[in-house]
Amino acid sequence: MAIEAVISAIKYVSHKTHLLQIHAHIIRTTLIQHHTVSLHFLYRVALSGSLQDASYSRRFFEQLSQPSVSHYNTMIRASSMSASPQKGLLLYRDMRRRGIAADPLSSSFAVKSCMSFFYLLGGIQVHCNIFKDGHQSDSLLLTAVMDLYSQCQRGGDACKVFDEMPHRDTVAWNVMISCCIRNNRTRDALSLFDVMQSSTYKCEPDDVTCLLLLQACAHLNALEFGERIHGYIAEHAYGGAVNLSNALISMYSRCGCLDKAYEVFKGTANKNVVSWSAMISGLAMNGYGRDAIEAFEEMLRVGTLPDDQTFTGVLSACSHSGMVDEGMAFFDRMSREFGLTPNVHHYGCMVDLLGRAGLLDKAYQLIMSMVVKPDSTMWRTLLGACRIHGHVTLGERAIGHLIESKAQEAGDYVLLLNIYSSAGHWEKVAEVRKLMKNKAIQTTPGCSTIELKRVVHEFVVDDVSHSRNREIYKTLDEINHQLRIAGYVVELSSELHKVDDREKGYVLSHHSEKLAVAFGVLATPPGTTLRVASNIRMCVDCHNFLKLFSRVYNRDVILRDHNRFHHFRGGHCSCSDYW
């Protein structure tokens, strides 16, 4: 059998028994040591669909007396995509120990192996070898290194690699944008859209760029920038991509523009379950619970089956609209009718639903009956409900579970203080304050952003860096005055620093969320919806402030904080932890 015939047989073999016969033949004829033959065979058993077998490929590889860099690359690549990616790194090291020079593909697959199990040290070692091997000009390889640093929360190192790249293509820019988003530099991610297209770089954004930037816009409530990306998508004929349509529905919904979200949804030709789920979730988070349920029923009528995310939206819709019986029925239908096992997010929605309805004991019983482990968000949801309904004992239990799982935050103690103070348990207020002092528990400095005319403005507490800071503080003083007339009282327990009550009231009045809102009032016409994003959970005082502000000033406020969504409208708030 000629070498060409053997290679052809390897390429087109479709049954394991025939593959074994070919294996036996190449061993008997010593063709197993022929580079091209062995490489084709290894590719089939390591990477090729139905014949792929990690154990078999490893045994075959070990039969090669002189494996080449291509053989190693095939094995490292296969390992990087397997359930044991660490084996890829071990193969890379073994190759180098045997004196086989790595090529850019070897290092790229080794980096991907490290990425698969977030092994930063291994990635750094491969990065060093890239320089030793003289491959530091390979843009594709450096893009993979950048992605590794980004995923391991080493944004600074990723930026350094990006800055040192001799040529940055669209993929490299996309990884950099993704890195900014992943490392809480969302504002920088938006700025890269203009930088990459500038005369210096002349790099055209693609559909992946648009997808990433729409996610960033949703995170920052940056509606104007999101509309700009929408225009770019239309200009470059990306509008037919259903994933971009879904991202637009989500972005517009999170920015409180349901009319535009629905317009995109209506114009999506091949709606999938993600499209329907995005629309249902958008209706739910903006307080249109009944409409969300109607959309769910319409989805079933057109033959689209729901998934996990669909039910997260439906259950949240029931929660926001106070539909306890309907929510319980949907929760039951998940497994009974659709065969979906509720996950931690679905249970969290149910806890939110029962908590809002004042059924706190029932919510606690549901948590304790869960098969999956409750997450910190769920206990925090219950704790917030305990504050609203004044359930002291259950509030203590909830924070106890947070402490036990080492997930407690300063804001959790604030909620407990609110519960105790509302119930008049001043001795317990003193105990919690003492505990916080002894453990040096303090709130994280907040940072809030608001987008106006395609510029993202950033504020921190007591900020004086803005060019219009005098006008902003004057506007905020006027807002505070109007809200006090309407009954607003500062929630002093939201401030944890050791200062007197007068000083606490001053600090709370200058929280970053309030400064962003004041700037919005100053810079936009009356009635304009304000869209704010914050890096930390909003305190109780700011929540009360914005509820009253939305009624007194007749303005909607869309605020996203620490993965929560709040839509303040007419003195009410549609809030959710599970998005």
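No hydrogens, no waters, no symmetry mates; every other heavy atom, side chains included, goes into these values. Source: prediction; values computed, not measured.
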*Step by step, work out the side-chain hydrogen bond (donor to acceptor under 3.5 Å, both in side chains) result for Y347 and D375.*
CA-CA 10 Å; Y347 278 105; D375 65 357; over 6 Å; no
Does the [X] side chain pair with the main chain of [Y], one donor and one acceptor, at a distance under 3.5 Å?
| X | Y | result |
| --- | --- | --- |
| S250 | N246 | no |
| K271 | T268 | yes |
| S321 | M323 | no |
| H511 | K514 | no |
| R555 | L530 | no |
| T312 | D308 | yes |
| Q309 | V274 | no |
| N343 | H346 | yes |
| H389 | G355 | yes |
| N221 | I558 | yes |

Under 3.5 Å side-chain donor-acceptor pair for [X] and [Y]:
| X | Y | answer |
| --- | --- | --- |
| S191 | D188 | no |
| N469 | H466 | no |
| D463 | Y473 | no |
| S80 | S113 | no |
| D147 | S150 | no |
| R569 | S550 | no |
| D352 | T381 | no |

Interatomic distance, [X] atom [atom1] to [Y] atom [atom2] [nearest 0.5 angstrom]:
| X | Y | atom1 | atom2 | result |
| --- | --- | --- | --- | --- |
| L546 | R551 | CG | CZ | 13.5 Å |
| L244 | C210 | CG | SG | 6.0 Å |
| T186 | L212 | OG1 | CG | 11.5 Å |
| D291 | M279 | CG | CE | 9.0 Å |
| I249 | C257 | CD1 | SG | 14.0 Å |
| I479 | L548 | CD1 | CG | 11.5 Å |

On a heavy-atom basis, which atom in [X] and which in [Y] lie closest, and how many Å separate them?
| X | Y | answer |
| --- | --- | --- |
| I419 | G395 | CD1-CA, 4.2 Å |
| C349 | S316 | SG-OG, 3.3 Å |
| I280 | G313 | CG2-C, 3.9 Å |
| L305 | M299 | C-CE, 4.3 Å |
| E513 | S448 | N-OG, 3.4 Å |
| A385 | L360 | CB-CD2, 3.5 Å |

Counting C-beta onward and ignoring hydrogens, is there a side-chain heavy-atom pair between [X] and [Y] closer than 4.5 Å?
| X | Y | result |
| --- | --- | --- |
| F459 | T449 | no |
| L248 | F265 | no |
| L522 | I472 | yes |
| M378 | I367 | yes |
| L559 | C542 | no |
| F549 | F568 | no |
| T310 | W276 | no |
| F118 | Q151 | yes |

_Among residues at least two apart in sequence or on other chains, which ones pass side chain to side chain donor-acceptor pair (under 3.5 Å) with E478?_
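E478: side chain to side chain donor-acceptor pair (under 3.5 Å) contacts with Q482.
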*Step through the shown structure and confirm whether more than 12 heavy atoms of other residues, nucleotides or ligands are within 6.0 Å of CG on D477.*
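More than 12 heavy atoms, drawn from other residues, nucleotides or ligands, come within 6.0 Å of this atom.
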*Y262 atom OH: more than 12 heavy-atom contacts under 6.0 Å*: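 Open: at most 12 neighbouring heavy atoms sit under 6.0 Å from OH of Y262.
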_Parallel, tilted or perpendicular: ring planes of H457 versus F519, cut at 30 and 60 degrees_ =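 Rings of H457 and F519: tilted, 30 to 60°.
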*Parallel, tilted or perpendicular for W379 and H401, by the 30°/60° rule?*
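Plane angle under 30°, so parallel.
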_Applying side-chain contact (heavy atoms from CB on, under 4.5 Å) to F338 and F311, what does each step give before you reach the verdict?_
CA-CA 11 Å; F338 299 99; F311 273 100; 3.6 Å; yes
Can [X] and [Y] be counted as an ion pair, charged N to O under 4.0 angstrom?
| X | Y | result |
| --- | --- | --- |
| E298 | R301 | yes |
| R187 | E458 | yes |
| E297 | R333 | yes |

_Please determine whether side-chain contact (heavy atoms from CB on, under 4.5 Å) holds for the pair H219 and R560, giving the CA-CA distance in whole Å, both sets of side-chain angles, and the decisive distance to 0.1 Å._
CA-CA 7 Å; H219 184 79; R560 184 173 175 79; 3.8 Å; yes
*Starting from the C-alpha separation in whole Å, work towards a yes-or-no answer on side-chain contact (heavy atoms from CB on, under 4.5 Å) for C255 and M251.*
CA-CA 6 Å; C255 291; M251 183 275 295; 4.1 Å; yes
*Please test N272 against V242 for side-chain contact (heavy atoms from CB on, under 4.5 Å), starting from the C-alpha separation and ending with a verdict.*
CA-CA 8 Å; N272 57 21; V242 71; 3.8 Å; yes
N/O donor-acceptor pairs under 3.5 Å from side chains in residues 282-290, not counting sequence neighbours:
unit_1: N286; atom_1: OD1; unit_2: H567; atom_2: ND1; d: 2.7
unit_1: N286; atom_1: ND2; unit_2: S253; atom_2: O; d: 3.0
unit_1: N286; atom_1: ND2; unit_2: G282; atom_2: O; d: 2.8

